[in-house]
> 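Starting off with a structure, shown below.
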Amino acid sequence: MEYGTERVVALVDMDCFYVQVEQRINPELKNKPCVVAQYKTWKGGGIIAVSYEARAHGVTKNMWADDAKKLCPDLQVARVRESHGKADLTPYREASVEVIEVMSRFAVIERASIDEAYMDLTASVKQRLRNMEDQQIEPHLLTATFIQGYPQATTSQEETEHAALDKDALRSQGLGQWLASLPPTTQTDSAELQLAVGAIIVEEMRAAVEQCTGFQCSAGISHNKVLSKLVCGLNKPNRQTVLPLSSVTQLFSSLPISKIRNLGGKLGASITETLEVENIGELTKFTQGHLAQHFGLKHGQWLYDLCRGVDFEPVKPRHLPKSIGCSKNFQGKTSLATKEQVQHWLQQLALELEERLIKDREMNGRVAKLLTVGVKQAGETTPSSFSRCCALARYEANKISTDSFAIIKSLNSAGNHQQAWSPPLTLLHLSASKFSDAPTASSGGIGTFFSSEVISSQKLSSFSPSAGLARQPTPKRPGMIESFFQNASKKRKEDHVELSEEGENELKDSGEEEKSCSESNASTSSSLQGGISSFFQKKQVPTSATTTADGSSVVTGQAVDSSQSHEHVITQSDKKTYVHTSDSLCGVPEHSSLPEAALSFSTEDYLTCDRCGQAVLAWEMPEHTDYHFAQDLQNSFSSPLPSPSSSNQIPANRSKTHAGPRSKTSPASCSRTLSSGPLRPQAKKPKTVGTVVTLDSFFKKS
DNA sequence: ACGGTTATAACT
DNA sequence: TAGTTATAA
């Protein structure tokens with residue numbers, strides 16, 4: 001087998017996905033020049049997706065809807081829903097899940113973005129080839145397939161003939177020519193034969209996606225991710241393209257380096273510049289050593305293979321995002337210049353994040369442990385000029401937003417007691433990551449609480465994994481996910497009916513479509529090893545045997561998360577519950593944010609700080625006052641000052657102060673990093689870290 | 001002031 | 001590790 005042809009890899013990309021989602025919601029928009037835009041007030045909103053009819057008029061992404069209307073007066077403009085004062089992409093994410101689910105019946109897939117997925121078809125292809133005996137591969141199985149580099153004209157007369165053909169005739173001619181050049185299907189190790197079979201599978205998959213979701217897509221089929229991504233775009237929309245390795249030389253001889261995935265930015269530009277080459281194929285002139293010299297060992301190796309059409313990046317079996325986040329820009333005049341504004345928008349973002357995290361927990365059985373807050377300050381050019389993180393212990397908007405505020409407030413050069421915020425913020429970003437498995441229903445009383453209370457309170461009645469979980473002594477996650485998918489199909493069916501009623505000419509189609517969809521599922525999935533459940537089986541974890549405190553002693557929803565995050569819940573005497581969490585130690589004095597305490601302490605325990613207006617536990621007021629003292633002291637240091645010898649003076653045993661609770665907290669917890677501060681070179685540390693360490697040290701009873 | 005909102009991976 | 005930067009859709 002030739003080097004670099006070991007796998008069959010495909011990339012499937014939805015055609016103008018957001019537009020298709022809007023067209024399915026509102027069938028009036030179908031087959032019309034149409035865009036999706038977000039926000040309205042400024043020039044009709046910014047366009048984020050464009051139908052092919054609209055592209056024909058010159059409408060593009062990033063155009064203002066008002067400008068696009070000038071190019072195309074009949075343009076239909078669908079608007080992104082807004083909630084919490086910001087664009088809400090939920091309908092597109094949900095549509096993406098539908099698509100991913102259908103594709104997962106055919107192969108293990110890697111979700112590359114909301115509208116793209118890679119798949120490694122090698123195993124399926126080999127299986128299919130074995131079952132083919134010596135059947136020919138017939139062109140009618142590849143009616144939407146282009147073969148890159150075909151038809152090949154060997155004479156000038158053929159060239160003239162080809163020029164006269166329309167696009168599909170040319171496609172058909174090229175396909176026929178290529179198929180005729182393949183060995184018999186008994187030769188199962190032929191790289192090009194394997195691509196042909198891969199293309200058949202992708203034809204079937206794309207048909208299933210359209211039948212089951214109504215969405216069309218395009219695909220590239222080749223031996224690796226870079227090549228399949230590259231050719232996916234060559235025959236859009238609603239078509240797929242095969243790239244045999246033998247066609248790479250010609251294709252690469254005139255392909256600008258910037259067209260290759262990962263070379264569209266600075267690296268690509270520096271290659272063009274330093275080597276004085278335009279096209280990716282020209283890189284074959286250089287030795288691997290030469291390439292490594294200029295661009296590093298890793299890039300050197302990668303480029304050396306890549307310019308020959310070879311890439312070994314694996315398709316990663318993953319269809320869930322690794323982080324869930326939201327952000328909003330506040331540009332120019334709208335930049336956030338008061339503390340209140342910052343708090344308000346953090347709250348809005350936290351509300352969206354909370355909703356999405358809770359849904360994610362229900363649907364995917366996992367919980368995020370890390371919260372990252374990013375901001376951009378006026379005048380900054382980088383996408384996010386600053387980011388800090390802390391533990392994420394509970395899915396609660398109030399806590400998320402107050403913690404977020406706590407870890408960015410040191411940025412406010414106006415000082416914490418001022419109303420103003422400066423420099424003004426032009427971007428706020430919240431993101432949750434570091435997922436781990438959520439406890440299952442079998443983990444005792446808490447689990448019961450989890451499934452009955454949390455789910456019902458979140459209005460997720462259409463997705464009810466709890467039903468299946470409750471009666472199973474050993475609940476299985478696949479059951480949970482499959483039940484979600486069943487529900488998703490059900491939902492789709494309803495959508496379909498709805499669409500059919502609204503669209504005049506579709507009434508009789510819908511029933512048939514559903515039927516053929518399920519038929520297609522049955523026939524295909526049976527021929528595939530494992531299917532989706534086997535994929536999920538791998539991710540299944542043994543349920544933990546730990547039995548936590550029984551639900552009755554737990555008063556608030558917090559107990560659920562406490563058990564997950566290994567926090568210590570210390571119940572004691574007086575009707576009060578003291579809860580020690582790691583996240584309250586997240587780079588800020590413990591008493592600076594106390595949402596969990598607010599659930600446990602009674603209001604009489606609080607005093608109002610006359611410096612900041614914050615509610616502070618009475619017995620912590622002395623330390624709180626010290627905190628303001630420290631803050632003032634810090635503010636008196638002009639700025640990037642690497643807090644005077646602070647690190648060195650922090651006792652090495654500083655982290656031991658909280659050795660008990662902390663040692664059990666998530667490794668992601670900030671406290672770890674802070675205590676490692678002294679080990680790191682001083683000068684490189686950003687000022688804020690120094691600040692936090694300095695302030696923190698005020699509270700250590702050494 | 002006007003490309004906004006997400007997301008992943010590499011680097012340090 | 002945490003935080004920044006690059007890249008992409």
Side-chain angles (χ1 to χ4, degrees), chain A residues 11 13-14 16-18 36-39 41-49 60-67 80 82 86-90 92-93 96 110-117 229 232-233 258 260-270 296 298-299 302 313 316 318 320-335 349 352-353 356 370 372-376 378-390 407 424 426-434 586-587 666-677 679-681 684-686 688-689 692:
Chain A
L11 182 271
D13 188 333
M14 306 309 294
C16 54
F17 188 45
Y18 291 5
V36 177
Q38 56 189 2
Y39 305 120
T41 43
W42 187 262
K43 302 189 175 184
I47 293 174
I48 58 174
T60 67
K61 220 165 84 165
N62 307 336
M63 218 172 237
W64 299 115
D66 286 350
D67 295 339
V80 178
E82 281 179 48
K86 61 182 290 300
D88 177 9
L89 305 179
T90 304
Y92 315 117
R93 289 193 202 96
S96 177
E110 174 182 344
R111 177 197 197 270
S113 74
I114 196 165
D115 71 342
E116 282 189 320
K229 168 76 185 168
C232 176
S258 62
I260 299 282
R261 188 184 66 145
N262 286 330
L263 297 181
K266 294 187 179 181
L267 177 58
S270 84
K298 225 190 133 204
H299 287 145
W302 180 69
E313 188 187 311
K316 296 161 195 79
R318 173 178 57 76
L320 296 179
K322 287 180 169 178
S323 67
I324 293 177
C326 48
S327 60
K328 182 165 172 62
N329 284 60
F330 307 91
Q331 295 171 85
K333 201 176 78 177
T334 63
S335 66
L349 291 173
E352 179 182 321
L353 191 60
R356 288 169 57 194
L370 187 73
T372 304
V373 186
V375 307
K376 187 162 75 175
E380 299 280 344
T381 50
T382 48
S384 165
S385 59
F386 175 94
S387 81
R388 287 294 179 274
C389 61
C390 67
I407 60 180
T426 57
L427 167 81
L428 286 180
H429 173 86
L430 293 187
S431 166
S433 59
K434 295 215 192 291
C586 190
S666 135
S669 143
C670 284
S671 52
R672 279 281 256 290
T673 305
L674 288 172
S675 57
S676 77
L679 304 174
R680 313 214 63 191
K684 295 199 79 172
K685 274 295 171 193
T688 30
V689 169
V692 170

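No hydrogens, no waters, no symmetry mates; every other heavy atom, side chains included, goes into these values.
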> Which stems does DNA chain B form, counting runs of 3 or more consecutive Watson-Crick or G-U wobble pairs with both distances under 3.5 Å?
B:5-12 with C:2-9
> Name all residues meeting the side-chain contact (heavy atoms from CB on, under 4.5 Å) criterion together with A/Asp13; count only those two or more places apart in sequence or in a different chain, and write none if there are none.
A/Leu11, A/Asp115, A/Glu116, A/Lys229, A/Cys232, A/Lys236
> For the pair made of NE2 in A/His299 and C1' in B/dA10, what is the distance, rounded to whole Å?
8 Å
> Should the ring pair A/Trp42 and A/Trp64 be called parallel, tilted or perpendicular, given that the plane angle runs from 0 to 90° and is split at 30 and 60?
perpendicular
> Round to a whole Å and report the spacing from CD of A/Glu110 to C1' of C/dA8.
13 Å
> In whole angstroms, how far is the C1' atom of C/dA8 from the CD1 atom of A/Ile260?
14 Å
> Rounding to a whole Å, what distance do you find between A/Ile114:CD1 and C/dA8:C1'?
14 Å
> Can you name the side-chain hydrogen bond (donor to acceptor under 3.5 Å, both in side chains) partners of A/Asp66, sequence neighbours left out?
none
> Counting side-chain heavy atoms from C-beta on, which of B/dA7, B/dA9, C/dA8 comes nearest to A/Pro321?
B/dA7
> With A/Thr90, which residues qualify under side-chain hydrogen bond (donor to acceptor under 3.5 Å, both in side chains), at least two apart?
A/Asp88
> Among all residues two or more places apart in sequence or in another chain, which pass the side-chain contact (heavy atoms from CB on, under 4.5 Å) test with A/Lys316?
A/Glu110, A/Lys225, A/Glu313
> Base, sugar-phosphate, or nothing for A/Leu263, non-hydrogen atoms under 4.0 angstrom?
sugar-phosphate
> NZ of A/Lys316 versus C1' of B/dA10: gap in Å, rounded?
12 Å
> Has the side chain of A/Ser335 got a donor or acceptor atom that lies under 3.5 Å from a matching backbone atom of A/Thr426?
no
> Can you tell me the distance, in whole Å, between the OH atom of A/Tyr92 and the P atom of B/dA7?
15 Å
> When you compare B/dG3 with C/dT7, how far apart are their C1' atoms, in angstrom units rounded to a whole number?
16 Å
> Would you measure the distance from the P atom in B/dA1 across to the matching atom in C/dA9 and give it in whole Å?
30 Å
> Taking only N and O in the side chain of A/Arg318, is any of them less than 4.0 Å away from OP1 or OP2 of B/dT8?
yes
> Counting any heavy atom closer than 4.0 Å, what does A/Asp115 reach on the DNA or RNA strands: base, sugar-phosphate only, or nothing?
sugar-phosphate
> For B/dA9 and C/dT1, measure between their P atoms and round to the nearest Å.
16 Å
> Just by protein heavy atoms under 4.0 Å, how would nucleotides 1-6 of chain B read 5' to 3' in B, S and -?
BBBSSB
> Tell me whether the OP1 or OP2 atom of B/dA9 has a side-chain N or O from A/Lys322 closer than 4.0 Å.
yes
> Does C/dG3 have its OP1 or OP2 closer than 4.0 Å to a side-chain nitrogen or oxygen of A/Arg388?
yes
> Considering only C/dT7, C/dG3, C/dA2, which nucleotide approaches the side chain of A/Lys266 most closely?
C/dT7
> At under 4.0 Å between heavy atoms, what does A/Ile324 touch on the DNA or RNA strands: base, sugar-phosphate, or nothing?
sugar-phosphate
> Quick one: is C/dA9 close enough that its OP1 or OP2 comes under 4.0 Å of any side-chain N or O from A/Lys229?
yes
> With the side chain of A/Ser387 defined as its heavy atoms from C-beta on, choose the nearest nucleotide among C/dT4, B/dA9, C/dA9.
C/dT4
> Between A/Arg356 (side chain) and A/Gly325 (backbone), is there a donor-acceptor pair under 3.5 Å?
yes
> Given atom CG of A/Leu11 and atom P of C/dA9, what is their separation to the nearest angstrom?
9 Å
> Which residues pass the ring-ring contact (aromatic ring centres under 6.0 Å, His included) test with A/Tyr39, sequence neighbours left out?
none
> Sequence neighbours excluded, which residues qualify as side-chain hydrogen bond (donor to acceptor under 3.5 Å, both in side chains) partners of A/Arg111?
none
> Could you list the residues that satisfy side-chain contact (heavy atoms from CB on, under 4.5 Å) with A/Thr382, not counting sequence neighbours?
A/Glu380, A/Ser385
> So does A/Ile114 get a backbone contact from the side chain of A/Ser96, meaning a donor-acceptor N/O pair under 3.5 Å?
yes
> Identify which nucleotide among B/dA10, C/dA9, C/dG3 has an atom closest to any side-chain atom of A/Glu116, counting heavy atoms from C-beta outward.
C/dA9
